[in-house]
Amino acid sequence: MNISAKIKSQYKIADKTEGVMKYIVRDLEKIVCQVTKEYPVVLITGPRQVGKTTMLKKLMEGTDRGYVSLDDLNERNIAKTDPELFLQLHKPPVLIDEVQYAPELFTYIKIHVDKNHNPGDFWLTGSQIFKLMRGVQESLAGRVAVLSLNSLSQAEITGTMSSPFKVDFEQLATQRKDRLPADTKEIFERIYNGAMPAIVSGAIGNSQIFYGSYLSTYIERDVRELSDSIDSLKFLRFITAVAARCSQMLNVAEIARDADINQVQAKNWLGILETLGIIFYLHPYSNNLLKRLVKTPKLYFYDSGLVSYLTKWSSAETLESGAMNGAVLENFVVSEIMKSYINSGNQPYLYYYRDKDAKEIDIVLEHDGVLNPIEIKKTANPGTELTKVFEILDKSSTPRSKGAVICMKPELGAIDRDNYIVPVWMV
């Protein structure tokens, strides 16, 4: 069975009909429709190939909204050299793709918005997040709704709409009915294959070929847009060194050493990966009542398939039994929880805890005035020893609430009254 067939088998994705691949509904669609009624400009940021344009084109069907891509060099030239003419040629309502290539447009979009006050006039997409945000903050503050899209979540792949992950038994019990159960082998197949739409939909049958092309075609091209002095081979060594340290506290010196670059370059290139929406950080939870805390963030990738490719595992089976199995499982779970918030248009308040005595909690989730401590473990039989460390948060001024161990146990359960057992497939 090839990779796309395995994915379809696990997630019950239909085969293509009459040559058209099945469209996978995105959670963010309802948020886009909502903010389009409220804001004149909607900006969707995120890495390339995660489905930003596909989603917006689907939402455009049956409307009079126009479309133009700044990947087209002629259109890009007009947008940069004569943005006023560009907006005359492409009148709102319009979707402008890859708008980061012509930040000159922002001032003229602002002029149009201030004159006409029409909600939903401009849909914009961009794959260079920080560069875009700077332009937006300078020119379109108060006029734009900024949303992010990443690779598919488990909820989207199974066709169920997700809500922000919470350690709430009733919500978890509801999610259990909608999600597709998976054992350890199937979970690691999901991790290994990744969640890029081209792979999940079956348009690409081999995830390793996809990620190889993705690196050389998209990431390398965008990296050169941001820094034309980058050596391709060194950058590949660099991003491989970063992937090998997913779910670990950031160590710039080690990454620089492995990539044979200096630490200043390593910091700059990490900034580029964050700008492109490839990586993100969990910062340590801090509170003025908690002493002796570390201050270094932990590093994660949004897509576990890219990590699997970069760290050169030959199959899901070797990944499951390999030295990185705990790290990639943690990366997968943290990214899924992060996506559940981003896809709902919410700001995630996710942290981790570690002190100078090496006491650590994988995730500290802060919401509604309480803290939920969460451990992630590749075990099917979690015990109370995993939740003992949660008590350290009782010293915080923010009260500790229910905790959870996210693990390979097949069913939702509890360790005790205060700590739940959550299967990975339910996240």
Side-chain angles (χ1 to χ4, degrees), residues 3 46-50 127 129 150-152 187-196 199 206-223 226-227 230-261 263 265-282 296-336 338-339 352 362 376 378:
I3 287 171
R48 287 186 179 272
Q49 298 289 290
V50 296
S127 54
I129 298 167
N150 289 287
S151 58
L152 293 156
I187 289 295
F188 273 89
E189 285 177 352
R190 295 180 185 184
I191 292 170
Y192 181 78
N193 293 330
M196 297 297 273
I199 297 169
N206 186 311
S207 67
Q208 301 305 286
I209 292 174
F210 171 84
Y211 285 110
S213 300
Y214 184 69
L215 272 172
S216 61
T217 305
Y218 294 104
I219 294 181
E220 187 175 313
R221 184 177 73 180
D222 283 343
V223 164
L226 294 170
S227 179
I230 286 180
D231 177 276
S232 297
L233 290 177
K234 282 191 174 182
F235 189 81
L236 180 59
R237 285 200 298 271
F238 161 76
I239 193 174
T240 299
V242 175
R245 290 168 176 79
C246 72
S247 306
Q248 295 181 25
M249 287 194 294
L250 179 64
N251 190 322
V252 176
E254 286 188 0
I255 292 170
R257 182 198 66 213
D258 287 359
D260 192 25
I261 58 177
Q263 291 190 41
Q265 280 181 306
K267 286 180 181 179
N268 290 339
W269 292 4
L270 283 164
I272 289 173
L273 290 182
E274 192 176 7
T275 299
L276 295 177
I278 305 298
I279 64 170
F280 66 96
Y281 299 101
L282 284 195
T296 307
K298 288 177 74 173
L299 183 150
Y300 298 89
F301 279 66
Y302 278 108
D303 190 76
S304 61
L306 183 57
V307 174
S308 302
Y309 173 80
L310 287 167
T311 49
K312 300 176 177 64
W313 298 97
S314 60
S315 67
E317 291 76 18
T318 57
L319 178 60
E320 180 191 337
S321 60
M324 282 190 67
N325 60 19
V328 293
L329 178 65
E330 180 181 330
N331 190 103
F332 178 73
V333 171
V334 172
S335 67
E336 286 290 324
M338 184 69 76
K339 288 175 190 176
Y352 81 99
D362 291 333
I376 304 163
K378 185 178 174 280

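Values below: all heavy atoms of this structure, side chains included; hydrogens, waters and symmetry mates excluded.
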Intermediate values then yes/no, side-chain contact (heavy atoms from CB on, under 4.5 Å), T311 and V328
CA-CA 10 Å; T311 49; V328 293; 5.6 Å; no
For the pair D303 and Y211, evaluate side-chain contact (heavy atoms from CB on, under 4.5 Å) and give the outcome as yes or no after the intermediate values.
CA-CA 11 Å; D303 190 76; Y211 285 110; 2.4 Å; yes
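Using modelled atom types, no side-chain atom of Y309 and backbone atom of F210 make a donor-acceptor pair closer than 3.5 Å. At least one donor-acceptor pair closer than 3.5 Å links the side chain of N331 to the backbone N or O of F301. Remark: the backbone N or O of G305 is not paired with any side-chain donor or acceptor of N193 at under 3.5 angstrom. Between the side chain of D362 and the main chain of I376, a donor-acceptor pair closer than 3.5 Å is present. No donor-acceptor pair under 3.5 Å is formed between the side chain of T217 and the backbone N or O of Y214.
Side chains of Y192 and E317: no donor on one and acceptor on the other come within 3.5 Å.
The heavy-atom pair separating E320 from K378 by the smallest distance is O-CE, 3.6 Å. Among all heavy-atom pairs drawn from S247 and A327, the shortest one is OG-O, 2.7 Å. When all heavy atoms are compared, the tightest approach of S304 to F332 is OG-CD1, 3.9 Å. When all heavy atoms of A266 and V252 are compared, the pair lying nearest together is CB-CG1, 3.8 Å. When all heavy atoms are compared, the tightest approach of L319 to N325 is O-CB, 3.4 Å. Closest of all the heavy-atom pairs between D258 and R237 is O-CD, 4.5 Å.
Taking F235 as the reference, F238, W269 meet the ring-ring contact (aromatic ring centres under 6.0 Å, His included) condition, with sequence neighbours excluded. Considering only residues two or more places apart in sequence or on other chains, Y302 meets the ring-ring contact (aromatic ring centres under 6.0 Å, His included) condition with F280.
Note that CE of M196 is 9.0 Å distant from CG of L152, once rounded to the nearest 0.5 Å. Atom CG in L236 sits 6.5 Å away from atom CG in L215 (nearest 0.5 Å). Here the CD-OG distance, from Q208 to S314, works out to 9.0 Å after rounding to the nearest 0.5 Å. Atom CG in L299 sits 4.5 Å away from atom CD1 in I279 (nearest 0.5 Å). Separation of atoms NZ (K298) and CZ (R245) is listed at 15.0 Å; rounding is to 0.5 Å. How far CD1 of I278 is from CG of N150: 9.0 Å, rounded to the nearest 0.5 Å.
Taking the side chain as every heavy atom from C-beta outward, N251 and I255 never approach each other to under 4.5 Å. At a threshold of 4.5 Å between non-hydrogen side-chain atoms, the residues S151 and K339 count as touching. By the 4.5 Å heavy-atom criterion applied to side chains, W313 and I191 are not counted as neighbours. Within the 4.5 Å cutoff, side-chain heavy atoms of L250 are placed close to those of L270.
Counting non-hydrogen atoms of neighbouring residues, nucleotides and ligands closer than 6.0 angstrom, the NZ atom of K267 reaches no more than 12 such neighbours.
Taking 4.0 Å as the cut-off between side-chain N and carboxylate O, E336 and R190 do not count as a salt-bridged pair.
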